[in-house]
Amino acid sequence: MALLQIFDPKAPPTPIGIDLGTTHSLVARVVDGRPECLLDCDLQALLPSAVHYRADGDVVVGREALALAAEAPKETLVSVKRFMGRGADDPETRRLGPYDFAPAGEAEANSVRFLVRGRAVTPVEASAELLYALRSRAEDALRRVGGAVITVPAYFDDAQRQATRDAGRLAGLEVLRLLNEPTAAALAYGLDKGRETGTFAVYDLGGGTFDVTILSLDHGVFQVRSTGGDARLGGDDLDRALAASLLEEAGVTEPSAGLVREALDAARAAKHALTEDDRAEVVLRHPSGVLKTTVTRARFEALARPIVERTGPVCRRALKDARLKPEELDGVILVGGSTRSPLVREYVKSLFRQEPLTDLDPDQVVALGAAVQADLLAGQSPRQDALILDVIPLSLGLETMGGVAEKLLPRNTTIPAARAQTFTTYADNQTGFELHVVQGERELAADCRSLARFTLRGIPPMPAGMARLEVTFRVDADGLLSVEAREATTGASQEVTVRPSYGLAAEDVERLLLESFEHAEEDLRTRQLRERVVEAEQVLRATAGALAKDGGLLDEDERAEVDGAMQALREALSQPEDRALKHRTEALDRAALPLAERRMNRALERAMEGHALAEFEELVKDRALHPHLAAGAKED
């Protein structure tokens, strides 16, 4: 006898966790304290991350869309996650699929727009279709769906996170939080296994991205100690390497878009088969005939090994940042379908010197962790003591005079985080500040990635160094940055949510980090020289201003000495060198010292005019007897 499923109309909406993946996407919920993935009508948890646009305007998502990819490759968007936050002018963009791109107007110059059946489609819109399908699956099972936690790669930057959140909103979801995928996996693993303490590495090799996170679990507190990754490395790269080899074997040099899709599908099927078997049969139809070949595991691993080994430096750097050795880890958690490969598991074992943990499904563990976090945020979990402390992957800061990058939030700072720093004006009568927000590890702003520029205006003219600008950086729990600038004397302020228009390339990520180590000494010398130049220019400007106003306080010899020191410093600035600038700046300071002393003495004399010396002696004596009055006067 069939049973009816009963829904309580008074029950609160069920929060859900979503793993929006490159190859597959999943949705999960928590029931009776345990997370589980929701299945479709075919009892499948995995939804292929493919979106097909029909000629009649209908949109097809999932397996049906993937089946249409070979015959309609330009109308079927797959692995769209790799385009999230990417610029249209990025050379990697056109390498990722056989798509046509809409010409970008001035407003869309830095965003990808696919040209599909005469209309422009953004990665956000395509991702929203996937999220809508997952939302519909959840509503079929739960009737009432609450807020959603959506996972993102740990190395997604601000643009990619904003794009993911926008896709969720477009799909009609209340996005509770964006959660880093490795952190979600650790959350699911730690609570599912009842672990209370331990330090773990999460090795996450998905379809389009790679992340590694080192985190500690201490009685419900998940503390991320370091994170690293490559936003453009994943199982798709393994597929492309094998597909290119198959096309070369078939003698095809200029494949059509449809043939590229067929080769990629054949390569992916062979990769999956080689997880269990030593060989896989491949049939590839091409214009000159049919290629029937056997792909051995050895052939595939020879192609895949250089790609997999690109994860090694990232993992070693994450361990170094966490100040740990591989043997100090309590376990290595595998995440992502690509970690099923024997080659990947063997490499991870050699890298971390221990057998990786494989008892949870690597395809589902991220979605399960997202569901746990959604349950916690909704206040429905009996385990309310779990706390997640994530980190930012790259330093955030401002460009200061001389092009120096001043870091306000260093990488691996725990989020949410806020930090303020006070700056001042460089020139006299400056009525505004132009702020340039940058991201990266190098000492100069030009070597970091530009995130945003904005200007704070309305500051009254003041001498250089008098204005006080307090800049506050805030990174929320989703890893999104906002910057506030406030001038202390006027109260003028401006705030901007940083929304860069395209994402970090993998090579950019590697450059930002690796070059910060390779060029550390050179960068430090360059920074010191830039700061020395700024200091010298300020001393010259201040001395010139003092001479113009009070040059008569010096005799001819003193004036000649100051003029000579100024000329020597100008010559040093024409070909800057740190030691020469230092010596000549100090020489100008010494030469100008009599002028500074006489100006100070004259200012004191003017202040004392009309007053008896006894008044000042009495005031000093009174403050000595009543120090609290002196403190109060200072505060005023």
Side-chain angles (χ1 to χ4, degrees), residues 16-29 36-84 96-99 114 116-117 119 121-142 145 148 150-152 163-164 167-168 170-173 181 206-209 234-236 239 258 261-262 264-269 271-272 336-338 340 361-368 370-371:
I16 57 175
I18 293 178
D19 175 10
L20 181 61
T22 306
T23 308
H24 295 98
S25 299
L26 304 92
V27 58
R29 60 91 174 256
E36 64 177 27
C37 287
L38 298 175
L39 310 180
D40 62 13
C41 56
D42 297 321
L43 303 181
Q44 297 293 317
L46 301 178
L47 174 76
S49 297
V51 182
H52 176 78
Y53 294 85
R54 292 187 183 276
D56 59 6
D58 284 349
V59 179
V60 179
V61 174
R63 277 183 294 280
E64 186 181 351
L66 196 59
L68 296 168
E71 63 182 75
K74 294 184 179 181
E75 290 75 34
T76 308
L77 306 181
V78 298
S79 298
V80 73
K81 182 176 178 178
R82 299 193 79 168
F83 293 91
M84 294 285 271
L96 289 178
Y99 305 117
F114 303 101
V116 182
R117 301 194 188 276
R119 59 170 288 205
V121 178
T122 66
V124 170
E125 292 174 285
S127 297
E129 296 290 352
L130 295 170
L131 291 171
Y132 183 79
L134 294 172
R135 172 191 158 195
S136 299
R137 179 188 296 185
E139 288 175 340
D140 289 343
L142 308 172
V145 172
I150 303 176
T151 61
V152 293
T164 303
L170 195 59
L173 290 166
E181 291 166 2
T209 57
D236 284 357
D239 298 342
R261 174 49 54 198
E262 263 194 63
L264 287 170
D265 291 343
R268 181 171 296 172
K271 178 184 71 175
H272 291 166
S338 298
R340 295 181 186 276
D361 187 334
D363 281 320
Q364 296 189 13
V365 66
V366 169
L368 297 176

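Because the structure is a prediction, the values reported are computed rather than measured.
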Q: State, to 0.1 Å, how close Ser79 and Arg268 come at their nearest heavy-atom pair, and which atoms those are.
A: OG-NH2, 4.4 Å
Q: Residues two or more places apart in sequence or in another chain: which of them pass side chain to side chain donor-acceptor pair (under 3.5 Å) with Glu125?
A: Thr122
Q: Nearest heavy-atom pair of Ala367 and Ala28: which atoms, and what distance?
A: O-CB, 3.5 Å
Q: Can you check whether Leu38 reaches Leu142 side chain to side chain, under 4.5 Å on heavy atoms?
A: yes
Q: Can you sort out the partners of Ala370 under side-chain contact (heavy atoms from CB on, under 4.5 Å), two or more places apart, ordered by chain and number?
A: Val149, Thr151
Q: Should Val365 and Glu181 count as side-chain neighbours, where that means a heavy-atom distance under 4.5 Å?
A: no
Q: Working to the nearest 0.5 angstrom, can you tell me the gap between Leu134 CG and Ser49 OG?
A: 8.0 Å
Q: Report the distance from atom SG of Cys41 to atom CG of Asp140, rounding to the nearest 0.5 Å.
A: 9.0 Å
Q: If you measure from CD on Gln364 to CD on Glu36, what distance do you get to the nearest 0.5 Å?
A: 10.0 Å
Q: So which atom in Tyr99 and which in Val78 form the shortest heavy-atom distance, rounded to 0.1 Å?
A: OH-N, 3.0 Å
Q: Taking the side chain as every heavy atom from C-beta outward, state whether Val80 and Val51 have any pair of such atoms under 4.5 Å apart.
A: no
Q: Locate the shortest heavy-atom distance separating Gly336 from Asp363; write the atom from each residue and the value.
A: C-OD1, 4.2 Å
Q: How would you list, by chain and number, every residue that makes a ring-ring contact (aromatic ring centres under 6.0 Å, His included) with Tyr53, sequence neighbours excluded?
A: none
Q: Using every non-hydrogen atom in the two residues, find where Ala138 and Val27 come nearest and quote the distance to one decimal.
A: CB-CG2, 4.3 Å
Q: Under 3.5 Å, which donor-acceptor pairs do the side chains of residues 54-66 form with other protein atoms, sequence neighbours left out?
A:
unit_1: Arg54; atom_1: NH2; unit_2: Glu64; atom_2: OE2; d: 2.8
unit_1: Asp56; atom_1: OD1; unit_2: Asp58; atom_2: N; d: 3.0
unit_1: Arg63; atom_1: NH1; unit_2: Leu46; atom_2: O; d: 3.3
unit_1: Arg63; atom_1: NH2; unit_2: Asp40; atom_2: OD2; d: 2.4

Q: For Ala45, is there any backbone N or O sitting under 3.5 Å from a side-chain donor or acceptor partner on Arg137?
A: yes
Q: Residues in side-chain contact (heavy atoms from CB on, under 4.5 Å) with Thr164, at least two apart?
A: Leu20, Met84, Ile150, Val152, Phe156, Leu178
Q: Let me confirm one number: the CG-CZ distance from Asp361 to Arg340, rounded to the nearest 0.5 Å.
A: 4.5 Å
Q: Taking all atoms of both residues into account, what is the closest heavy-atom pair of Ala171 and Ala128, and its distance?
A: CB-O, 3.5 Å
Q: Apply salt bridge (Lys or Arg N to Asp or Glu O under 4.0 Å) to Glu139 and list each qualifying residue two or more places apart in sequence or on a separate chain.
A: Arg135
Q: Counting N and O atoms only, with roles assigned by atom type, does the side chain of Asp19 sit under 3.5 Å from a partner on the main chain of Leu26, one being a donor and the other an acceptor?
A: no
